[in-house]
Amino acid sequence: MTLQLAEWAWKTAKAELASTLPRRWAHSLGVAARAVELAPLLGDSAEFLRAAAVLHDIGYSPGLVATGFHPLDGARFLRDVHGADGRLVRLVANHSFALLEAEERGLREALEEEFPLLDDPLLVDALVWCDMTTTPDGERTTAERRVTEIVGRYGADSVVGRFIRRASPEIFATVERVEAALAAQPRWG
(Lines give C-alpha, C1' and ligand atoms only; values in the text may rest on other atoms or scores of the structure.)
Protein backbone atom coordinates (compact mmCIF):
# COMPACT_ATOMS: atom_id res chain seq x y z
CA MET A 1 0.00 0.00 0.00
CA THR A 2 1.11 3.51 -0.56
CA LEU A 3 1.71 6.44 1.71
CA GLN A 4 -1.22 8.02 -0.11
CA LEU A 5 -3.59 5.49 1.53
CA ALA A 6 -2.29 6.30 5.01
CA GLU A 7 -2.65 10.04 4.36
CA TRP A 8 -6.23 9.59 3.13
CA ALA A 9 -7.03 7.44 6.16
CA TRP A 10 -5.58 10.04 8.55
CA LYS A 11 -7.58 12.87 6.97
CA THR A 12 -10.79 10.82 6.94
CA ALA A 13 -10.44 9.74 10.57
CA LYS A 14 -9.52 13.25 11.67
CA ALA A 15 -12.57 14.74 9.95
CA GLU A 16 -14.86 12.31 11.77
CA LEU A 17 -13.25 12.12 15.21
CA ALA A 18 -10.95 15.05 16.06
CA SER A 19 -13.54 17.68 16.95
CA THR A 20 -16.43 15.49 18.12
CA LEU A 21 -14.51 12.79 20.00
CA PRO A 22 -11.02 14.14 20.81
CA ARG A 23 -10.18 11.31 23.19
CA ARG A 24 -11.15 8.70 20.61
CA TRP A 25 -9.02 10.62 18.09
CA ALA A 26 -6.08 10.54 20.52
CA HIS A 27 -6.53 6.78 20.88
CA SER A 28 -6.65 6.36 17.09
CA LEU A 29 -3.45 8.37 16.69
CA GLY A 30 -1.79 6.25 19.37
CA VAL A 31 -2.89 3.04 17.64
CA ALA A 32 -1.48 4.35 14.35
CA ALA A 33 1.80 5.23 16.09
CA ARG A 34 2.02 1.67 17.39
CA ALA A 35 1.47 0.43 13.82
CA VAL A 36 4.65 2.20 12.73
CA GLU A 37 6.57 0.02 15.19
CA LEU A 38 5.45 -3.09 13.31
CA ALA A 39 6.86 -2.01 9.94
CA PRO A 40 9.78 -4.48 10.20
CA LEU A 41 7.28 -7.34 10.52
CA LEU A 42 4.89 -6.19 7.82
CA GLY A 43 7.10 -4.94 5.03
CA ASP A 44 4.88 -3.81 2.16
CA SER A 45 1.76 -4.02 4.37
CA ALA A 46 3.04 -1.50 6.93
CA GLU A 47 1.22 1.51 5.47
CA PHE A 48 -1.92 -0.58 5.07
CA LEU A 49 -1.82 -1.37 8.80
CA ARG A 50 -1.24 2.29 9.61
CA ALA A 51 -4.33 3.21 7.58
CA ALA A 52 -6.46 0.56 9.32
CA ALA A 53 -5.10 1.63 12.71
CA VAL A 54 -6.10 5.27 12.37
CA LEU A 55 -9.51 4.28 10.96
CA HIS A 56 -10.36 1.38 13.28
CA ASP A 57 -12.65 3.41 15.59
CA ILE A 58 -14.16 5.76 13.00
CA GLY A 59 -17.56 4.12 13.56
CA TYR A 60 -17.81 5.90 16.93
CA SER A 61 -18.29 9.21 15.10
CA PRO A 62 -21.75 10.50 16.05
CA GLY A 63 -22.64 11.12 12.42
CA LEU A 64 -21.93 7.51 11.48
CA VAL A 65 -23.77 5.65 14.22
CA ALA A 66 -26.45 3.43 12.71
CA THR A 67 -26.30 0.13 14.61
CA GLY A 68 -24.39 1.40 17.64
CA PHE A 69 -21.67 -1.17 16.91
CA HIS A 70 -18.67 0.87 15.82
CA PRO A 71 -16.81 -1.75 13.75
CA LEU A 72 -19.88 -2.35 11.58
CA ASP A 73 -20.88 1.32 11.37
CA GLY A 74 -17.33 2.36 10.50
CA ALA A 75 -16.88 -0.36 7.88
CA ARG A 76 -20.16 0.54 6.20
CA PHE A 77 -19.14 4.20 6.10
CA LEU A 78 -15.76 3.39 4.59
CA ARG A 79 -17.32 1.07 2.01
CA ASP A 80 -20.45 3.03 1.13
CA VAL A 81 -19.27 6.63 1.37
CA HIS A 82 -15.61 6.32 0.45
CA GLY A 83 -15.49 3.15 -1.64
CA ALA A 84 -12.46 2.14 0.41
CA ASP A 85 -10.32 -0.89 -0.36
CA GLY A 86 -12.27 -4.04 0.57
CA ARG A 87 -9.40 -5.52 2.59
CA LEU A 88 -9.11 -2.31 4.61
CA VAL A 89 -12.83 -2.24 5.26
CA ARG A 90 -12.82 -5.88 6.37
CA LEU A 91 -9.91 -5.27 8.73
CA VAL A 92 -11.69 -2.29 10.32
CA ALA A 93 -14.94 -4.28 10.55
CA ASN A 94 -13.28 -7.16 12.34
CA HIS A 95 -10.68 -5.42 14.48
CA SER A 96 -9.90 -6.72 17.95
CA PHE A 97 -12.21 -9.74 17.88
CA ALA A 98 -15.26 -7.75 16.80
CA LEU A 99 -17.11 -10.96 15.88
CA LEU A 100 -17.36 -11.81 19.58
CA GLU A 101 -18.84 -8.42 20.40
CA ALA A 102 -21.13 -8.65 17.36
CA GLU A 103 -22.42 -11.91 18.79
CA GLU A 104 -23.20 -10.20 22.11
CA ARG A 105 -25.14 -7.57 20.17
CA GLY A 106 -27.01 -9.97 17.89
CA LEU A 107 -25.06 -8.65 14.87
CA ARG A 108 -22.64 -11.49 14.20
CA GLU A 109 -24.47 -12.74 11.12
CA ALA A 110 -24.61 -9.25 9.60
CA LEU A 111 -20.90 -8.66 10.26
CA GLU A 112 -19.85 -12.04 8.87
CA GLU A 113 -22.00 -11.70 5.75
CA GLU A 114 -20.99 -8.15 4.88
CA PHE A 115 -17.38 -8.24 6.01
CA PRO A 116 -15.79 -11.70 6.15
CA LEU A 117 -12.72 -11.97 8.33
CA LEU A 118 -9.57 -11.02 6.47
CA ASP A 119 -7.40 -14.03 5.63
CA ASP A 120 -4.14 -12.43 6.72
CA PRO A 121 -3.38 -13.58 10.27
CA LEU A 122 -0.33 -11.35 10.73
CA LEU A 123 -2.22 -8.21 9.72
CA VAL A 124 -5.22 -9.13 11.89
CA ASP A 125 -2.93 -9.84 14.85
CA ALA A 126 -0.99 -6.63 14.25
CA LEU A 127 -4.10 -4.46 14.52
CA VAL A 128 -5.17 -6.24 17.71
CA TRP A 129 -1.70 -5.57 19.18
CA CYS A 130 -1.84 -1.90 18.21
CA ASP A 131 -5.34 -1.40 19.64
CA MET A 132 -4.94 -3.46 22.77
CA THR A 133 -1.64 -1.90 23.80
CA THR A 134 -2.87 1.70 23.51
CA THR A 135 -4.84 3.59 26.17
CA PRO A 136 -7.90 5.72 25.41
CA ASP A 137 -5.54 8.72 25.54
CA GLY A 138 -3.14 7.26 22.98
CA GLU A 139 -0.43 6.14 25.40
CA ARG A 140 1.30 2.76 25.51
CA THR A 141 -0.03 0.16 27.91
CA THR A 142 -0.12 -3.58 28.42
CA ALA A 143 -2.96 -5.70 27.11
CA GLU A 144 -3.82 -6.68 30.68
CA ARG A 145 -4.16 -3.05 31.77
CA ARG A 146 -6.13 -2.23 28.64
CA VAL A 147 -8.65 -5.00 29.24
CA THR A 148 -8.99 -3.96 32.89
CA GLU A 149 -9.53 -0.34 31.83
CA ILE A 150 -12.22 -1.33 29.30
CA VAL A 151 -14.09 -3.45 31.85
CA GLY A 152 -13.86 -0.61 34.36
CA ARG A 153 -15.07 2.01 31.89
CA TYR A 154 -18.03 0.04 30.55
CA GLY A 155 -18.86 -2.21 33.51
CA ALA A 156 -18.37 -5.96 33.79
CA ASP A 157 -22.01 -6.75 32.97
CA SER A 158 -22.29 -4.43 29.97
CA VAL A 159 -22.19 -5.75 26.41
CA VAL A 160 -18.63 -4.46 26.03
CA GLY A 161 -17.61 -5.76 29.46
CA ARG A 162 -18.92 -9.25 28.68
CA PHE A 163 -17.31 -9.23 25.25
CA ILE A 164 -13.88 -8.03 26.40
CA ARG A 165 -13.75 -10.54 29.24
CA ARG A 166 -14.67 -13.31 26.80
CA ALA A 167 -12.12 -12.11 24.24
CA SER A 168 -9.30 -11.47 26.72
CA PRO A 169 -7.58 -14.88 26.40
CA GLU A 170 -7.43 -14.39 22.61
CA ILE A 171 -6.29 -10.78 23.02
CA PHE A 172 -3.48 -11.80 25.37
CA ALA A 173 -2.39 -14.67 23.10
CA THR A 174 -2.38 -12.36 20.08
CA VAL A 175 -0.32 -9.71 21.85
CA GLU A 176 2.17 -12.39 22.91
CA ARG A 177 2.49 -13.67 19.31
CA VAL A 178 3.17 -10.19 17.95
CA GLU A 179 5.65 -9.38 20.72
CA ALA A 180 7.47 -12.66 20.11
CA ALA A 181 7.69 -11.87 16.40
CA LEU A 182 9.01 -8.39 17.18
CA ALA A 183 11.60 -9.80 19.59
CA ALA A 184 12.79 -12.21 16.90
CA GLN A 185 13.55 -9.36 14.47
CA PRO A 186 17.24 -8.70 13.88
CA ARG A 187 18.55 -5.64 15.69
CA TRP A 188 20.94 -3.28 13.91
CA GLY A 189 23.50 -1.15 15.64
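The two residues Pro116 and Arg90 have their closest heavy-atom pair at O-NE, 2.7 Å. When all heavy atoms of Leu41 and Val178 are compared, the closest pair comes out as CD1-O, 4.2 Å. Smallest separation of non-hydrogen atoms from Asp57 and Ser28: CB-OG, 4.1 Å. Smallest separation of non-hydrogen atoms from Cys130 and Arg34: SG-C, 3.9 Å. Listed here is the closest heavy atom pair of Met132 and Val175: CB-CG2, 4.4 Å. Among all heavy-atom pairs drawn from Pro71 and Ala93, the shortest one is CB-O, 3.2 Å.
Hydrophobic clustering (ILVMFWY, side-chain heavy atoms < 4.5 Å, transitive): Leu182 and Val128 are in one cluster. Tracing side-chain contacts under 4.5 Å through hydrophobic residues (I, L, V, M, F, W, Y), one never reaches Val159 starting from Tyr154; they form parts of separate clusters. One hydrophobic cluster, built from ILVMFWY side chains closer than 4.5 Å, cannot hold both Trp10 and Val36; they sit in different ones.
Within the model, atoms OG1 of Thr12 and CG of Leu78 stand 7.5 Å from one another, a figure rounded to the nearest 0.5 Å. Put simply, CG on Leu38 and CG on Leu49 are 6.0 Å apart, with the number rounded to the nearest 0.5 Å. Atoms CG and CG, on Leu99 and Leu117 in that order, are 6.0 Å from each other to the nearest 0.5 Å. Distance check, rounded to the nearest 0.5 Å: CZ of Phe163 to CZ of Phe69 gives 7.5 Å. Going from atom CG of Leu122 over to atom CH2 of Trp129 covers 12.0 Å, rounded to the nearest 0.5 Å. The distance from atom CG of Leu55 to atom CZ of Arg50, rounded to the nearest 0.5 Å, is 11.0 Å.
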Might you work through the salt bridge (charged side-chain N to carboxylate O under 4.0 Å, His left out) test for Arg23 and Asp137, ending with a clear yes or no? CA-CA 6 Å; Arg23 192 172 191 213; Asp137 296 311; 2.8 Å; yes
Evaluate Arg177 against Glu170 for salt bridge (charged side-chain N to carboxylate O under 4.0 Å, His left out), listing each step before the verdict. CA-CA 10 Å; Arg177 278 193 303 274; Glu170 291 298 325; 5.3 Å; no
Please lay out, stage by stage, how Trp25 and Leu21 fare under the test side-chain contact (heavy atoms from CB on, under 4.5 Å). CA-CA 6 Å; Trp25 175 235; Leu21 297 170; over 6 Å; no
Where do Glu101 and Arg166 land on the salt bridge (charged side-chain N to carboxylate O under 4.0 Å, His left out) test, with the steps shown first? CA-CA 9 Å; Glu101 185 175 347; Arg166 186 171 155 211; over 6 Å; no
Let me see the working for Arg146 and Thr133 under side-chain contact (heavy atoms from CB on, under 4.5 Å), right down to the final yes or no. CA-CA 7 Å; Arg146 176 82 162 116; Thr133 62; over 6 Å; no
Please assess Glu149 against Thr135 for the test side-chain contact (heavy atoms from CB on, under 4.5 Å), listing each intermediate value before the final yes or no. CA-CA 8 Å; Glu149 181 276 322; Thr135 70; over 6 Å; no
Quick one, Arg76 with Glu114, criterion side-chain contact (heavy atoms from CB on, under 4.5 Å). Give me CA distance, side-chain angles, the key distance, then yes/no. CA-CA 9 Å; Arg76 286 176 173 168; Glu114 284 186 62; 2.4 Å; yes
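Within the 3.5 Å criterion, the main-chain N or O of Ala15 finds no donor-acceptor partner in the side chain of Ser19. A distance-only check finds no donor-acceptor pair linking the side chain of Ser61 to the backbone of Ile58 [under 3.5 Å]. Not a single donor-acceptor pair under 3.5 Å links the side chain of His82 to the backbone N or O of Arg79.
Residue Glu109 places its CD atom among 12 or fewer non-hydrogen atoms of other residues, nucleotides or ligands, all under 6.0 Å distant. Around CG of Asp157, the count of heavy atoms belonging to other residues, nucleotides or ligands within 6.0 Å does not exceed 12. Within 6.0 Å of CZ in Arg145 there are 12 or fewer heavy atoms belonging to other residues, nucleotides or ligands.
Two residues are said to be in side-chain contact when any heavy atoms from C-beta on lie closer than 4.5 Å; Thr134 and Arg140 fail this criterion. Residues Leu111 and Asn94 meet the side-chain proximity criterion, which asks for heavy atoms closer than 4.5 Å. Inter-residue side-chain proximity for Phe97 and Thr174 is flagged as met; some heavy-atom pair is nearer than 4.5 Å. When side chains are defined from C-beta on, His56 counts as touching His27, because their heavy atoms get closer than 4.5 Å. Between Lys14 and Leu29 the shortest side-chain heavy-atom distance does not fall below 4.5 Å.
Side-chain contact of Asp73 with Thr67: a donor-acceptor pair under 3.5 Å is present, judged by distance alone. Ser168 and Arg165 share no side-chain donor-acceptor pair at under 3.5 Å.
By the 30° and 60° cut-offs, the orientation of the rings of His70 relative to Tyr60 is parallel.
Ion pairing between Arg108 and Glu112 holds under the 4.0 Å rule for side-chain N and carboxylate O.
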